[in-house]
Each structure stands twice: as structure tokens, then as C-alpha cells.
Amino acid sequence: MEKYILENQESFKLEDIFDCGQCFRWNKQEDGSYIGVIKDAVIKVEQKNNKIIFSGESDRDFKSIINYYFDLETNYSDYKNKLSKVDEFLSESIKFGEGIRILKQDLWECIISFIISANNNIPRIKKIIERLSEKYGEKIVFDDKEYYKFPTPEALGKASVQDLRDLGVGFRDKRIYNTTKMVLEKQVDLEKIEKLENTNLMRDELLKLDGVGPKVADCILLFALKRLDVFPIDVWVRRVMNDLYIHKEDEEKVNKKELQKLAEEKFGSLSGMAQQYLFYWRRETSA
DNA sequence: ACCCAGGGTCGTC
DNA sequence: GACGACCCTGGG
């Protein structure tokens, strides 16, 4: 068992990081710690006073996995200072979600996870991803309990449309099936996407995948490819942006272009960060 | 029991 | 560009 301890780490609260909607595979334990699977490693994180303790096992360098995944080279104070100056709403939302960090998640896992997220709710999304991993992912034993890696494209490629439907993914069965095929056949080359410089070129590639529309593409860009200039618009973001800035009676009539433009003007290259603070704030504070 | 919404996308018009 | 359909589950 390896351990890695951080002291006085700025911008790091487990609840904020794991409950802000960016990831689906971290589960809170009874003692307040969280356990999750990062690629091939099961990791446990606990936060006590000013210490953050990571424990787990991995073939790769434990510290570098953590440093990378939790984006520990980035200083979030700079982001927060800039965004807090935008207006009182941002300042308020940042105060609420001060411990948020944007995780650098696996691209493939992120693609499938957000295809599943379409017109779905978070508890169900998490359950579906667990079932997919149990059935098609490799087993790992940690602390005498069983965990499962997220399935590789090759492993998931063994599932038929019907297999997926039987697992409870619903109408997303064909989308997952088709996207897996496209990735396996390299009609969309994930390694190439990761090397692209331009956000729009990356998005164009992602949009070729079945089940990936503008919203899902932007989530993938933000949560796996670390593009902070995107602004994923879902029902919650539309809601909070309308309440704060637009004030239309019927929030469904707020169009996406208007919101994209507003985000670009107000948040610019930090739009993705702003989106997370606003989303988390609005979702957690509304009954 | 019934209705509705949930981190949208797709096919069709 | 607008519109309905779409699996399933939890909550009112």
C-alpha cells in the first residue's frame, strides 16, 4: 500500500471535487473518505484538518498519477481571483465551491460516461457506469474488496447492442455500440485528438461520434482534455444563467448562442471554470 | 396511481 | 432551425 500526503493544499475539498458533477466513479465511504478508480488504480482519499491522504496501489508511479489526475500543478487561486472580479454572483458561487478542482480524466471513459449522461440523472448514470465496469472491466482487489477498471474499447467492443440494453443503458445502447466501433476502427483517433492544439478541431472530431452532441463534446473537452475555454450548457447552466443575467419568463426560450456569447464575454478563457462553479452552486442550493 | 424531470442527441420535417 | 421520441428511475 502506497501513501501520499499533501499538506495545506489550496483549493481542495473532496465534496466539492467529487460532487460538482464532473466525475461518476468516486463514492463516499462511511468514514467520510472517498474511494475511486483511476485507470488501473484504486485510490482512497481522506481529508483531515489540513492534510489530504491518498492511499492505494499501482504499477505506475503513485504520486505522478495523483499529481496529474487531481491537477495539482495548477494554482486555482489565480482562476478564482480573476473570476471573482466578474461580479458578485461569480464571487458567491466560488465561495460556495472553493474546493473545486477540474480532474484530468481518461478520454475514453469520459466519452462513454457523458454519452450515458444524455437526458439522464446522476444516480442512474453512476449505476450504469458501475454495471458496465463490473461486466466488461478488469477486476482489481483493494483492501479485500473488489473494484473494476473502466472497460477498454476492446472489452466494450464485445458487447452487442442487446447486451448493452440488458445492462440498462436504455436508448443509449446503439450510441455506445457505434462509438465503440468508431474508436476501435480509428474512424476517430483518440490519441490524435489528445495531441491537437485547437479546441475547435478537437470538438469537430468528438462530434463525429454517435451520441456526442455539442453539450457532451464540451464536457469531454473540459473534463478530459482540460480545455477551460468551453462552456457546456445543460438545463442547470441555462437555469442559473437565465436567473442571473437574462431574466426570461420561460427559461427554455433562452437560446444557446446567446448563452455562449455571454459566457465568452464575461468569462472568456475561464468559461469552463465559471461553468463548474455556477453549476455546482445552483444545483446544490436549489431544493 | 400518475406525472415529471434528469449534465441531450438523433431523425425527420 | 424547430419538434417529438427516447430507456429508465426516483421523487412529488
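Below 30°, between 30° and 60°, or above 60°: for A:F18 and A:W26 the angle between ring planes is below 30°, a parallel geometry. The aromatic rings of A:F231 and A:F267 sit tilted, their planes meeting at an angle between 30° and 60°.
Between the side chain of A:R172 and the base of B:dC10, no donor-acceptor pair under 3.5 Å is found. Contact annotation: side chain of A:D210 to base of B:dC10, donor-acceptor pair absent below 3.5 Å.
Residue A:G170 is classed as a base contact, given a heavy-atom separation below 4.0 Å to a base. Here A:C20 lies in heavy-atom contact (under 4.0 Å) with a base. Residue contacts for A:F223: at a heavy-atom cut-off of 4.0 Å it reaches a base atom on one of the strands shown. When heavy atoms are screened at a 4.0 angstrom cut-off, A:G21 is found touching base atoms of the nucleic acid.
For A:R239, counting side-chain heavy atoms from C-beta on, the closest listed nucleotide (C:dT9, C:dC6, B:dG6) is B:dG6. For A:P214, taking side-chain heavy atoms from C-beta onward, the closest of the listed nucleotides B:dT9, B:dG6, C:dC8 is B:dT9. With distances taken from any side-chain atom of A:A118 to the nucleotides C:dG10, B:dG8, C:dC8, the minimum falls on B:dG8.
Between A:K127 atom NZ and C:dG10 atom P there is a gap of 4 Å when expressed in whole angstrom units. Per the geometry, CZ belonging to A:R124 stands 15 Å off P belonging to C:dC6, to the nearest Å. Computed from coordinates, the A:F171 CZ to C:dC7 P distance equals 7 Å when rounded to whole Å. Residue A:L209 contributes atom CG, which lies 15 Å from atom C1' of B:dC10 at whole-angstrom precision. Rounded to an integer number of Å, the gap from A:E251 CD to B:dG6 P is 9 Å. Computed from coordinates, the A:I115 CD1 to B:dG6 P distance equals 21 Å when rounded to whole Å. If you take CG of A:D173 and C1' of B:dT9, they are 13 Å apart, rounded to a whole angstrom. If you measure from atom CZ of A:F279 to atom P of B:dG8, you get 9 Å, rounded to the nearest angstrom.
Rounding to the nearest 0.5 angstrom, the gap separating the CD atom in A:Q105 from the OG atom in A:S113 is 7.5 Å. Rounding to the nearest 0.5 angstrom, the gap separating the CZ atom in A:F96 from the CH2 atom in A:W281 is 9.5 Å.
Comparing the same atom, P, in B:dT12 and in C:dC7 gives a spacing of 14 Å after rounding to whole Å. Distance noted for atom P between B:dC3 and C:dA5: 15 Å (whole Å).
Using a 4.0 Å cut-off between charged side-chain N and carboxylate O, A:D71 and A:K226 make a salt bridge.
Not one side-chain nitrogen or oxygen of A:K256 sits closer than 4.0 Å to the OP1 or OP2 atom of B:dG8. Contact annotation: A:R175 side-chain N/O to B:dT9 OP1/OP2 distance is not under 4.0 Å.
Pairing for B:dC2 is with C:dG12, a Watson-Crick or G-U wobble pair whose two hydrogen-bonding atom distances lie under 3.5 Å. Within the shown strands, C:dG1 is the pairing partner of B:dC13 under the Watson-Crick or G-U definition, both distances less than 3.5 Å.
Shortest non-hydrogen contact noted between A:S11 and A:Y76 is OG-CB, 3.4 Å.
Mapping A:V212 and A:V237 onto DNA chain B via the closest heavy atom, the residue that lands nearer the 5' end is A:V237.
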